[in-house]
Amino acid sequence: MVTNVVQLTESKKHITHLNRTFNEQKSAFRKNPMPTLEQRKENLKTLKSVLLKNQSRFLAAINKDFSSRSDDETLLAEMMPAIQGINYALKNVSAWMKPSKRHVSLMFQPASNSVNYQPIGVVGVIVPWNYPLFLAAGPLTGALAAGNRVMIKMSEYTPETSQLFKEVIEGAFPENLVSVTTGDADVGIEFSKKPWGHLLFTGSTSVGRHVMRAAAENLTPVTLELGGKSPAIISADVPMDDAAERIAFGKAFNVGQTCVAPDYVLCPSDRIDQFVTSFKSRFATMYPTLKDNNDFSSIIDNRQRDRLKHYLDDAINKGATVIEVNPANEDFSQGTRKLPIHLVLNANDTMLVMQEEIFGPILPVVAYNQIDEAIDYVNDRPHPLALYFFGYDKEAQQHILDNTHSGGVCINDTLMHVAQDDMPFGGVGTSGMGHYHGEEGFKTFSNGKGVFSKQRINSGKVIHARQGSLFHKAIYSLFIR
């Protein structure tokens with residue numbers, strides 16, 4: 001009872017701070033609605049500086065939140081893409097800010113058309129727990145490049161990282177420019193209800209629906225970066241060691257706690273045994289041991305670990321063959337939140353592993369006979385955030401691209417499309433909506449305002465009233481063809 005009262009008091013404090021800061025940022029934006037290029041670059045440089053200055057602290061905080069998180073994974077998946085994204089924005093924001101000239105039809109000459117990119121105001125960003133640094137710094141980069149004020153809601157499941165991010169950001173930026181909010185789900189609910197200029201949410205599809213519903217009350221535009229079940233399709237002729245190694249990398253990275261992790265494998269039925277053998281071999285090369293191996297990360301908390309174990313029990317009870325990929329045959333029953341990768345053979349749609357996004361070290365394997373069967377299997381289900389195809393035949397690659405829908409694609413690799421600065425990242429359908437990263441991020445956080453401009457000469461007078469019906473008919477016959 002005392003704990004609940006304390007939590008309620010803390011939530012009220014966070015919500016009071018949220019409301020006050022939101023109003024302060026709105027007021028500050030009205031006083032400077034179009035920050036200069038120099039101001040935007042200075043903000044980006046400040047963000048880069050504080051991230052680099054506190055790099056070791058972030059590594060330690062994320063490791064503590066996970067109980068064991070590979071420093072190399074944090075550097076590769078969080079720090080490096082965050083810094084690269086800032087560098088890319090610094091290099092290109094000048095070009096992004098320039099009005100885009102557009103064609104003017106002869107009928108409306110002399111005049112000019114342009115699209116002017118204007119900041120949208122105060123941007124809200126809701127950050128998940130799986131990559132708490134990158135998924136805060138990435139959207140912040142795009143919003144600052146576009147000239148906005150930004151408020152960030154960090155995850156309550158990564159308290160060390162969330163508090164550190166709040167400390168370093170608010171020590172570097174005035175609160176009316178960038179603010180960081182912590183707190184529980186109640187704070188997150190209030191956060192999603194604010195009338196933002198734009199709201200970006202990264203998280204599960206189920207929570208995304210609630211966020212979009214709350215945003216709809218204010219007609220707040222949203223970008224939803226969700227997830228879903230991202231398939232890895234193995235062709236009939238790709239060298240199996242090549243495919244298995246790259247799938248193993250994508251699944252083992254942060255032990256599958258990645259929105260674009262391979263969620264299941266579609267494998268030719270006559271190659272499944274070969275895939276299992278290759279996967280176990282390639283995985284063991286990367287991770288000869290797991291339990292005390294700092295390169296192999298932990299599940300974020302016991303609740304998530306219990307959920308994953310429940311998925312495995314459900315699959316076994318419904319007839320699946322589960323293979324634990326545990327190279328050193330270590331005991332994970334106690335004293336750790338780590339969990340080996342488990343391959344689930346004979347998976348079917350009655351099992352939770354084929355109904356829910358797994359978000360952990362479980363990899364179902366589904367058999368197919370012809371490639372169009374695999375395509376139909378993907379298309380019969382909600383559009384995934386990512387799709388991975390393994391095969392070196394260019395026609396087969398194009399066939400997959402033309403006949404499937406997903407937020408993004410990697411050909412003969414996993415995960416790496418997310419790290420490309422000059423490509424949009426986002427989902428489609430139930431895996432999300434909208435894009436960010438690079439120029440698409442700048443445009444997401446901008447209002448592309450169309451401007452039609454005339455000066456002294458007014459050719460439009462020819463279509464004003466009382467110009468004569470015959471003349472109007474001539475105009476219509478000239479331009480309507």
Side-chain angles (χ1 to χ4, degrees), residues 1-18 21 47 50-51 53-71 73-75 77-79 82 124-140 150-173 175 178-192 200-204 207 210-211 225 254-259 294 297-308 335-339 359-360:
M1 182 68 177
V2 174
T3 301
N4 291 338
V5 171
V6 171
Q7 288 176 340
L8 182 61
T9 302
E10 284 296 311
S11 293
K12 287 183 176 179
K13 285 170 57 179
H14 289 303
I15 292 169
T16 299
H17 175 263
L18 165 67
T21 306
L47 178 59
V50 298
L51 293 181
K53 181 180 178 181
N54 292 280
Q55 176 174 294
S56 61
R57 297 179 70 196
F58 278 116
L59 292 176
I62 293 172
N63 182 65
K64 187 173 181 180
D65 281 328
F66 277 79
S67 83
S68 178
R69 165 81 174 264
S70 167
D71 283 353
E73 287 186 352
T74 298
L75 287 169
E78 305 223 48
M79 185 62 68
V125 178
I126 301 177
V127 181
W129 53 260
N130 60 328
Y131 293 101
L133 178 60
F134 175 56
L135 294 177
L140 177 56
V150 189
M151 294 182 66
I152 300 171
K153 167 62 175 72
M154 299 296 288
S155 172
E156 63 269 33
Y157 297 111
T158 52
E160 296 289 330
T161 308
S162 297
Q163 189 57 43
L164 176 59
F165 193 77
K166 178 179 176 66
E167 174 194 327
V168 301
I169 291 297
E170 294 190 348
F173 294 98
E175 197 172 53
V178 183
S179 175
V180 179
T181 299
T182 56
D184 60 14
D186 289 338
V187 181
I189 291 170
E190 290 300 317
F191 193 95
S192 63
L200 186 146
F201 167 81
T202 304
S204 69
V207 177
H210 293 295
V211 170
E225 299 298 345
N254 203 23
V255 288
Q257 297 171 119
T258 306
C259 59
N294 291 332
S297 296
S298 291
I299 306 301
I300 183 66
D301 58 28
N302 288 325
R303 183 175 65 92
Q304 293 293 334
R305 192 173 189 271
D306 290 344
R307 174 184 63 84
L308 294 164
T336 183
R337 290 209 303 263
K338 290 188 177 182
L339 195 66
F359 223 70

With sequence neighbours excluded, residues passing ring-ring contact (aromatic ring centres under 6.0 Å, His included) with F359: W129
Value for OG (S179) from NE2 (H17), rounded to nearest 0.5 Å, stands at 4.5 Å
Closest non-hydrogen atom pair, E156 against D184: OE2-C, 3.9 Å
Mind checking what makes side chain to side chain donor-acceptor pair (under 3.5 Å) contact with S298, not counting sequence neighbours? S67
What residues form a side chain to side chain contact (heavy atoms under 4.5 Å, CB included) with D301, not counting sequence neighbours? Y157, R303, Q304
Working to the nearest 0.5 angstrom, can you tell me the gap between T182 OG1 and I152 CD1? 12.5 Å
For E78, the side chain to side chain donor-acceptor pair (under 3.5 Å) test, sequence neighbours excluded, returns R69
Partner set under side chain to side chain contact (heavy atoms under 4.5 Å, CB included) for E190, not counting sequence neighbours: I15, L18, K193
Would you name the heavy atoms of V127 and P132 that are closest together and state the gap between them? CG1-O, 3.6 Å
Please name all residues satisfying side chain to side chain contact (heavy atoms under 4.5 Å, CB included) with A82, sequence neighbours left out, ordered by chain then number. L51, F134, A137
Please identify each residue that fulfils ring-ring contact (aromatic ring centres under 6.0 Å, His included) with F191, with sequence neighbours left out. W196
Specify the closest pair of heavy atoms between S68 and N294, including all atoms of both residues, with the distance to one decimal. OG-OD1, 4.4 Å
With sequence neighbours excluded, what pairs up with K338 under the salt bridge (charged side-chain N to carboxylate O under 4.0 Å, His left out) test? none
Partners of K64 by salt bridge (charged side-chain N to carboxylate O under 4.0 Å, His left out), sequence neighbours excluded? E160
Output the distance between atom OG (S297) and atom CG (N130), rounded to the nearest 0.5 Å. 11.5 Å
Side-chain touch M79/T74, heavy atoms, less than 4.5 angstrom: no
Spacing of CE belonging to M154 relative to CD1 belonging to I169, to within rounding of 0.5 Å: 9.0 Å
Supply the atom-to-atom distance L135 CG to T202 OG1, rounded to the nearest 0.5 angstrom. 5.0 Å
Are any of the side-chain heavy atoms of F165 and N54 separated by less than 4.5 Å? no
Partner set under side chain to side chain donor-acceptor pair (under 3.5 Å) for T158, not counting sequence neighbours: S162
Run D186 and K12 through side-chain contact (heavy atoms from CB on, under 4.5 Å) and show every step you take. CA-CA 9 Å; D186 289 338; K12 287 183 176 179; over 6 Å; no
Grab the two heavy atoms, one from S192 and one from I126, that are nearest each other, plus how far apart they are. CB-CD1, 4.3 Å
Side chain to side chain contact (heavy atoms under 4.5 Å, CB included) partners of V207, counting only residues at least two apart: F201, S204, V211
Taking E170 for its side chain and V180 for its backbone only, find out whether a donor-acceptor pair lies under 3.5 Å. yes
Interatomic distance, L47 atom CG to L140 atom CG [nearest 0.5 angstrom]: 5.0 Å
Could you tell me which residues satisfy salt bridge (charged side-chain N to carboxylate O under 4.0 Å, His left out) with R57, sequence neighbours excluded, listed by chain and number? E167
Give the minimum heavy-atom separation between H14 and V187, together with the two atoms involved. CB-CG2, 3.7 Å
Note, N254 side chain near Y131 side chain (heavy atom, < 4.5 Å): yes
